[in-house]
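Chain letters run A, B, ... following the sequence lines, proteins first, then strands; residues in each count from 1. Note that this is a predicted model, so its numbers are computed, not measured. Computation of the quantities below employed the complete heavy-atom set of this structure, encompassing side-chain atoms and omitting hydrogens, waters and symmetry-equivalent molecules.
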Amino acid sequence: ETGVTQSPTHLIKTRGQQVTLRCSSQSGHNTVSWYQQALGQGPQFIFQYYREEENGRGNFPPRFSGLQFPNYSSELNVNALELDDSALYLCASSLAGRYTGELFFGEGSRLTVL
Amino acid sequence: DAKTTQPNSMESNEEEPVHLPCNHSTISGTDYIHWYRQLPSQGPEYVIHGLTSNVNNRMASLAIAEDRKSSTLILHRATLRDAAVYYCILRPSNFGNEKLTFGTGTRLTIIP
């Protein structure tokens, strides 16, 4: 059973640009959630997708958007990048409804905005 | 979301037991207590979870107070590989809610 994989692992962008981060879920998982982790902080929930629809969102502006595909893989898009968007972006997959179960995290994509 | 409180950091000697405390005085009756850890340069990793009773698995034990307002993660014999940030999280049991609310966690240092 393959784990959660994210790409790219590292990237550098400049302020105002747009970025797309990708995530492949663990086999059999139908829910993907995305987290932002600033240096020295715990991960912060951005949003989650279930059956290709966003069904939960944290305190992030609309320039953070996402997609989930029929194979349950997912993308996180961030428009109009700001310096404060520099962070580790984590994707987690899970099986919806098994709230007693675990989320499986990828190793993250580290974004630096200059 | 109900809040948890953990010490910022703890140290333990290698091969000794480690007790990581967590306070969650505003926990609701349907919140599960989850623990995750994050090793350097990795994503968080599930450790254990429980509702009311104490739980054991291959990684750790979870002791839950009778009033559920606190819990303790127990690593029975710490190794250097256990050095990580440990997060105590309350997870609501409503369907489809896969959101985890992380705090700043406890940074555990293992002394050889």
Between the side chains of A:Gln37 and B:Gln38, does any donor sit under 3.5 Å from an acceptor? yes
If you apply the rule salt bridge (charged side-chain N to carboxylate O under 4.0 Å, His left out), what do you find for B:Arg37 with B:Asp82, and how did you get there? CA-CA 9 Å; B:Arg37 72 180 186 180; B:Asp82 292 320; 2.8 Å; yes
Top residue by heavy-atom pair count (under 4.5 Å) with chain A, among B:Pro44, B:Gly105, B:Gly50, B:Gly103? B:Pro44
Sorted by chain and number, sequence neighbours left out, ring pair (Phe, Tyr, Trp, His ring centres under 6.0 Å) with A:Tyr72 holds for none
Tell me the closest heavy-atom pair linking A:Leu21 and A:Leu11, and the distance in Å. CD2-CD2, 3.8 Å
Write out all pairs satisfying disulfide bond (SG atoms under 2.5 Å apart) with one or both partners inside residues 44-95 of chain A, taking only residues at least two apart or from two chains. A:Cys23-A:Cys91
Interface residues of residues 69-77 of chain B facing chain A - heavy atom cut-off under 4.5 Å: none
Side-chain cluster (under 4.5 Å, hydrophobic types only) that A:Phe69 belongs to, other residues: A:Leu67
Do the side chain of A:Gln44 and the main chain of A:Gly42 share a donor and acceptor less than 3.5 angstrom apart? yes
Need one label for A:Phe47: side chain, backbone, both or neither, based on atoms under 4.5 Å from any heavy atom in chain B. neither
